[in-house]
Amino acid sequence: MRMVIGLTGGIASGKSTVSSMLSELGAVVIDADQIAREVVKPGEPTLEAIVDQFGIEVIQRNGHLDREKLGSMIFHDAQKRSALNGIIHPAIRERMTERKRQAQERDEDLIVLDIPLLFESELTYLVEKILVVYVPEDIQKQRLMQRDEIDEHTALAKMESQMSIEEKKDKGHAYIDNSGTREETKTQLLKILQTWGYVNNDETKS
Ligand code: ADP
């Protein structure tokens, strides 16, 4: 059965890990973070709109966006921050919609939209089923500290800037508890796909 799945979770809960597993199963994965980087590349209308709003000083000599400078301009200014989001968010949304449409036209069976802030950005309308990658907060904190080589304080600040993972867990159609081994995560994933009626010839048929 064809379906469009929204993959989400908290920071360092294991979205990338599950998204790789889905790719291996043959899914087309459309990655919101990657698209967010794409839409501000030189030559993109979104980059021009940012320059119109924030000035040419947000462009580096090589033509690329100076993220640090832009970040410091919006950091203490809620109005500027929302102006920037007003430029970037629609661009990401449009490109994700376009990629999804292209995949549907190619008759892809399993289309996955990997969107860390699926709930926060109110993008649930883009998908049919929502899969949340969950870990308890203490494990989330540990893995985040380890992966990003940051201290506990910084890790907690990052976690607190998002909707809590406990809340996300119950907002999807299903969740994977990624606190065990990767193998256990894969087993849960296959089971959920089966429940949703998606059967992959190689791995889930038995
Ligand atoms: P996200 O994409 O949600 O931010 P990642 O997939 O990068 O999260 O996972 C966060 C960190 O935890 C990574 O360093 C990853 O290698 C590690 N990790 C993910 N799943 C597991 C697991 N089941 N067991 C141990 N470590 C894991």
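Note that the coordinates shown come from a computational prediction; the quantities given were computed from them, not determined experimentally. As the structure lists them, so they are numbered: ligands from 1, and atoms in each ligand from 1.
For atom 11 (C) of ligand 1, the nearest non-hydrogen atom from the set R143, E184, M145 belongs to R143.
For atom 18 (N) of ligand 1, the closest non-hydrogen atom of the protein is R182 NH2, 3.5 Å. Regarding atom 8 (O) of ligand 1, its nearest protein heavy-atom neighbour is G14 N, 3.1 Å.
When heavy-atom distances to ligand 1 are checked against a 4.0 Å cut-off, L144 has no atom that comes that close, whether in backbone or side chain.
A donor atom on one side chain and an acceptor atom on the other are found under 3.5 Å apart for E98 and Q102.
For residues 71-82, no residue pair satisfies the salt bridge (charged side-chain N to carboxylate O under 4.0 Å, His left out) rule, not counting sequence neighbours.
Of all atoms in ligand 1, listed by their number and element, those nearer than 4.0 Å to a heavy atom of A12 are 1 (P), 3 (O), 4 (O), 8 (O), 10 (C). Close approach to S13 involves these atoms of ligand 1, each under 4.0 Å from a residue heavy atom: 3 (O), 8 (O).
Distances from ligand 1 to the non-hydrogen atoms of P116 include no value under 4.0 Å. In this structure, G9 has no heavy atom closer than 4.0 Å to ligand 1. The shell of residues lying under 4.0 angstrom from ligand 1, judged by heavy atoms, includes G10.
Taking only nitrogen or oxygen atoms, main chain and side chain alike, T17 reaches within less than 3.5 Å of ligand 1.
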